[in-house]
Amino acid sequence: MLDRSSIKTYIDPMNKISTDERIRVIASLVEGNSLRATTRMTGVHRTTVMKLLADLGKACSKYQDKVMRNLPCQHIQCDEIWSFCGMKEANVPKEKKGKPGYGDVWTWTAICADTKLVPCWFIGSRDAGAAYHFMHDLAPRMARNIQMTTDGHHAYLKAVQDAFHGQIDYAMLVKIYGESSEGEKRYSPAQCMGARKTVISGQPDHKHINTSIAERNNLTMRMQMRRFTRLTNAFSKKLENLEHAVALHFMHYNFCRIHASLRVTPAMEAGISDHVWSLEEIVNLLEG
């Protein structure tokens with residue numbers, strides 16, 4: 001049974017929480033727990049958890065936007081990961097069709113194959129406009145000409161050429177899929193029968209034309225953010241909350257989490273941090 005003080009913390013959404021309590025909340029969120037699970041584990045009211053996520057998400061987004069500049073990346077892989085907000089696309093009312101924050105939401109990510117750093121991301125639709133914004137955010141963050149690989153999504157073609165002015169070694173990896181069996185069509189992807197490497201511009205090194213690291217990053221996102229886990233009721237109800245959660249996730253991934261293949265964090269490998277960040281340092285971004 002909770003004691004009286006912990007009950008007060010739980011039921012009072014405006015109760016000011018300590019740094020230690022903030023750290024416990026953030027530790028729960030970045031390990032893939034939902035808002036309600038975090039409330040049960042920490043005793044902090046769900047409204048307070050959401051307020052902390054919103055404030056810290058904005059701070060994490062602002063900090064990463066500032067430091068992710070002049071990056072030494074050489075091989076970039078890009079991909080998009082699906083989620084939905086409020087309701088699935090098939091259930092969106094006619095008057096809300098096409099409005100941001102209802103139905104399908106796509107998170108565009110870029111990851112450096114060498115440092116495993118995620119320099120930027122974009123949350124929106126999966127059309128040419130989203131690709132344009134995503135690529136124009138990525139291009140000025142690079143310190144040198146890079147090699148890039150994407151999947152075969154046509155929206156990338158013009159966006160990449162326009163953002164990098166043709167000064168890029170760019171290739172597409174187009175996967176060829178077979179037919180799915182009847183019982184697996186809904187939740188399982190079709191069997192991949194092969195892949196075709198298509199050079200779009202420059203002279204990309206064929207051994208670096210792949211998207212496996214970007215796809216593995218998608219898995220990390222689904223495991224570490226409850227909002228992306230399929231077949232749950234933990235999906236985002238508001239687009240802004242999804243944006244804050246993604247910003248916090250990548251702050252933790254880039255600066256706090258030691259990558260198994262690197263033995264350091266991606267931020268350290270990329271030279272934008274000289275140590276492994278603690279969760280307290282992330283919380284302290286609120287003071288900035």
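R46 places no side-chain N or O within donor-acceptor distance of the main-chain N or O of T39, the cut-off being under 3.5 Å. Checking side-chain atoms of E287 against main-chain N and O of N284 turns up no donor-acceptor pair under 3.5 Å. In this structure a side-chain-to-backbone donor-acceptor pair under 3.5 Å is missing from K158 to A155. Side-chain N or O atoms of H165 include none that pairs as donor or acceptor with a backbone N or O of Q167 at under 3.5 Å. Remark: side-chain polar atoms of R222 are paired, donor with acceptor, to backbone N or O of F228 under 3.5 angstrom. Checking side-chain atoms of K197 against main-chain N and O of H206 turns up a donor-acceptor pair under 3.5 Å. Formation of a donor-acceptor pair under 3.5 Å by the K116 side chain with backbone atoms of T265 is not found in this model. Not a single donor-acceptor pair under 3.5 Å links the side chain of T211 to the backbone N or O of A214. No donor-acceptor pair under 3.5 Å is formed between the side chain of E21 and the backbone N or O of V44.
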For this session: Apply side chain to side chain contact (heavy atoms under 4.5 Å, CB included) to F84 and N91, showing your working.
Result: CA-CA 11 Å; F84 65 94; N91 299 325; over 6 Å; no

Exercise. Run the side chain to side chain contact (heavy atoms under 4.5 Å, CB included) check on R126 and D104 step by step: do they pass?
Worked result: CA-CA 9 Å; R126 197 171 180 252; D104 290 347; over 6 Å; no

For this session: Assess whether side chain to side chain contact (heavy atoms under 4.5 Å, CB included) is satisfied between I81 and W121, documenting all intermediate values.
Result: CA-CA 11 Å; I81 180 172; W121 61 92; over 6 Å; no

Exercise. Can you check side chain to side chain contact (heavy atoms under 4.5 Å, CB included) on L117 and I272, steps first, answer last?
Worked result: CA-CA 10 Å; L117 185 78; I272 58 175; 4.2 Å; yes

Exercise. Hey, mind stepping through S236 and R227 against side chain to side chain donor-acceptor pair (under 3.5 Å) and telling me if it holds?
Worked result: CA-CA 6 Å; S236 293; R227 297 166 188 271; 2.8 Å; yes

For this session: Just do the side chain to side chain donor-acceptor pair (under 3.5 Å) check on N254 and Q64 with the steps written out, would you?
Result: CA-CA 9 Å; N254 284 327; Q64 289 178 95; 3.2 Å; yes

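Atom OG1 of residue T150 and atom CE of residue M135 lie 6.5 Å apart, to the nearest 0.5 angstrom. Expressed to the nearest 0.5 Å, how far NE2 of H75 lies from SG of C73 amounts to 11.0 Å. To the nearest 0.5 angstrom, C60 atom SG is 5.0 Å from L248 atom CG. Distance check: E281 CD to I23 CD1 gives 10.0 Å after rounding to the nearest 0.5 Å. Rounded to the nearest 0.5 angstrom, I111 CD1 and E215 CD are separated by 11.5 Å. Note: L29 CG to T38 OG1 = 4.0 Å, rounded to the nearest 0.5 Å.
At most 12 heavy atoms of other shown residues, nucleotides or ligands fall within 6.0 angstrom of atom NZ in K66. In the displayed structure, R69 atom CZ is contacted under 6.0 Å by more than 12 heavy atoms of other residues, nucleotides or ligands.
Heavy atoms only, all atoms of each residue included: H252 and L279 are closest at CD2-CD2, 3.8 Å. M221 and T109 get closest at one heavy-atom pair: SD-CG2, 4.0 Å. Residue M172 comes nearest to G152 through the heavy atom pair SD-CA, 3.9 Å, listed as atom of the first residue, atom of the second, then distance. For the residue pair M50 and N241, the shortest heavy atom distance occurs at CE-ND2, 3.8 Å. In terms of heavy atoms, A143 sits closest to N70 at CB-OD1, 3.1 Å. Heavy atoms only, all atoms of each residue included: I146 and I168 are closest at O-CG1, 3.3 Å.
Contact annotation: the side chain of Y170 never approaches that of F164 to less than 4.5 Å [non-hydrogen atoms, C-beta and beyond]. At a threshold of 4.5 Å between non-hydrogen side-chain atoms, the residues D162 and H136 count as touching. Put simply, the side chain of H208 does not reach to within 4.5 Å of the side chain of T149, judged on heavy atoms. Taking 4.5 Å as the limit, some side-chain heavy atom of L286 sits within range of a side-chain heavy atom of R22. M148 is not listed as a side-chain neighbour of Q77, based on a closest heavy-atom distance of 4.5 Å or more. At a threshold of 4.5 Å between non-hydrogen side-chain atoms, the residues I26 and L52 count as touching. Proximity of L71 to C112: side-chain heavy atoms (C-beta onward) are nowhere separated by under 4.5 Å. A heavy-atom distance below 4.5 Å is found between the side chains of I76 and M142.
Each of F255 and M268 belongs to its own hydrophobic cluster when Ile, Leu, Val, Met, Phe, Trp and Tyr are linked at side-chain heavy-atom distances under 4.5 angstrom. Neither V174 nor V199 shares a network with the other; the hydrophobic side chains, linked directly or stepwise wherever heavy atoms of I, L, V, M, F, W or Y lie under 4.5 Å apart, form separate groups for each. The same ILVMFWY cluster, assembled from side-chain heavy atoms under 4.5 Å apart, contains both V30 and I282. No single ILVMFWY cluster, assembled from side-chain heavy atoms under 4.5 Å apart, contains both L242 and F235. If you chain together hydrophobic residues whose side chains sit under 4.5 Å apart, V92 and W106 never meet in one group.
Side-chain atoms of E95 and Y102 include no donor-acceptor pair closer than 3.5 Å. Side-chain contact, D79 with N217: no donor N or O sits under 3.5 Å from an acceptor N or O. When only modelled atom types and interatomic distance are considered, T220 and R216 share a side-chain donor-acceptor pair under 3.5 Å.
Using bins of under 30°, 30° to 60° and over 60° for the plane-to-plane angle, the ring pair F250/Y253 lands in the perpendicular bin. Ring geometry for H153 versus W108: interplanar angle of 30 to 60°, hence tilted. Using the six-membered ring where Trp is involved, Y63 and W277 have ring planes that are tilted, between 30° and 60° apart.
Taking the charged nitrogens against the carboxylate oxygens, K51 and D55 do have a contact shorter than 4.0 Å, which makes a salt bridge.
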